[in-house]
Amino acid sequence: MAPPLIEIENVSKIYRMGDQEVHALREVSLQVDEGLVAVMGSSGSGKSTLMSILGCLDRPTSGSYRLQGKDVSRLGPNTLADIRNHTIGFVFQSFQLLPRTTAVENVELPMIYAGIPGKERRRRAREALERVGLGERIHHTPNQLSGGQQQRVAIARAIVGKTRLLLADEPTGNLDSRTSIEIMALFQELWREGMTIVLVTHEPDIAAYGSRVIVMKDGQVRSDRTQEPVIAADQRIESPAESRR
């Protein structure tokens with residue numbers, strides 16, 4: 001039987017600030033194998049620290065983190081960078097696109113680091129942009145795209161490596177309600193196609209689209225429940241132009 005995709009056991013994270021110790025995580029244990037998992041909690045609850053550890057951007061002070069059955073808790077920076085490039089996709093609230101670079105070039109970026117040849121990079125980037133509904137805007141720069149379209153470029157960049165795990169930090173935080181629903185509909189499609197998605201959100205309305213909700217407080221998991229997700233495609237709000245068709 002295959003191990004869970006994510007398995008963390010008794011993970012703690014302590015930051016030292018002068019003479020003070022800040023316990024960001026306190027012996028957190030959980031497993032994630034599939035689904036669209038929403039992580040909620042107020043500022044200082046530990047959810048961002050948890051995401052950093054899941055994304056191999058930080059190491060736990062104690063405890064273990066197994067990703068696809070491999071203990072990544074104490075791996076070196078080069079090995080962790082390779083894991084991030086091949087196993088994990090990242091989506092951020094602020095999109096983090098290069099402003100003077102076209103959509104297709106932004107999506108190609110992680111493949112450059114992976115050493116993939118130019119023609120193959122361009123082919124995969126086009127496919128990823130078509131997958132997120134931006135096949136006709138591959139040569140647009142970020143300032144020529146709406147916020148929702150920029151986030152779709154960021155999602156295409158995150159999935160272009162055919163990663164199994166997608167981590168999203170407040171992915172709808174800079175978007176209006178209608179666009180947020182469209183992005184969550186896309187996440188649900190990716191989940192149904194086999195991708196595991198873990199997203200941080202402050203918004204219960206966004207968490208409602210997940211198949212599981214984890215609530216954190218004071219560095220600990222306070223609740224962890226599965227649920228029947230709201231189907232985002234059914235909630236999509238038509239624009240005035242669409243409603244007249």
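Just so it is clear, the values below take in all heavy atoms, side chains as well, and ignore hydrogens, waters and symmetry mates.
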Are [X] and [Y] close enough that some pair of their side-chain heavy atoms sits under 4.5 Å apart?
X      : Y      : value
Ile155 : Leu186 : yes
Trp191 : Glu34  : yes
Leu97  : Arg157 : yes
Val215 : Val221 : no
Val22  : Ile14  : no
Leu30  : Ile214 : yes
Thr196 : Asp33  : no
Leu25  : Met216 : yes

I'd like to know if [Y] and [X] are part of one continuous hydrophobic network [Ile/Leu/Val/Met/Phe/Trp/Tyr, side-chain heavy atoms within less than 4.5 Å].
X      : Y      : result
Leu166 : Val153 : yes
Leu98  : Ile112 : yes
Leu36  : Phe92  : no
Val198 : Tyr209 : no
Val28  : Leu167 : yes

Treating [X] as the side-chain partner and [Y] as the backbone partner, does any N or O pair qualify as donor plus acceptor under 3.5 Å?
X      : Y      : result
Arg84  : Cys56  : yes
Asp218 : Ser45  : no
Arg152 : Val132 : yes
Arg121 : Ile116 : yes
Ser146 : Gln149 : yes
Thr201 : Ile206 : no

Crowded around [X] [atom1]? As in, over 12 foreign heavy atoms under 6.0 Å?
X      : atom1 : answer
Arg192 : CZ    : yes
Glu21  : CD    : yes
Glu193 : CD    : yes

How about [X] and [Y]: does a side-chain donor come under 3.5 Å of a side-chain acceptor?
X      : Y      : value
Arg225 : Gln227 : yes
Glu182 : Thr179 : no
Asn10  : Glu27  : no

Atom pair [atom1] ([X]) and [atom2] ([Y]), whose distance is rounded to the nearest 0.5 Å:
X      : Y      : atom1 : atom2 : result
Thr102 : Gln144 : OG1   : CD    : 9.5 Å
Lys13  : Ser62  : NZ    : OG    : 10.0 Å
Glu9   : Tyr65  : CD    : OH    : 14.5 Å
Leu175 : Ile181 : CG    : CD1   : 11.5 Å

### Query
Between Arg131 and Ile159, is a side chain to side chain contact (heavy atoms under 4.5 Å, CB included) present by the stated rule, with each step listed?
CA-CA 10 Å; Arg131 174 66 191 83; Ile159 67 174; 4.1 Å; yes
### Task
Determine, stepwise, if the pair Ile8 / Leu50 fulfils side chain to side chain contact (heavy atoms under 4.5 Å, CB included).
CA-CA 10 Å; Ile8 66 173; Leu50 176 63; 3.6 Å; yes
Which atom names give the shortest non-hydrogen contact between [X] and [Y], and what distance separates them?
X      : Y      : result
Thr163 : Met195 : O-CE, 3.1 Å
Gly35  : Ser211 : CA-OG, 3.5 Å
Met51  : Leu199 : CE-CA, 4.3 Å

### Query
Would you call Arg124 and Glu120 a salt bridge, using N to O less than 4.0 angstrom?
yes
### Query
Charged N to carboxylate O under 4.0 angstrom, Asp169 versus Lys47?
no
### Summary
side chain to side chain contact (heavy atoms under 4.5 Å, CB included) with Val200: of Met40, Gln93, Glu170, only one passes, and it is Glu170
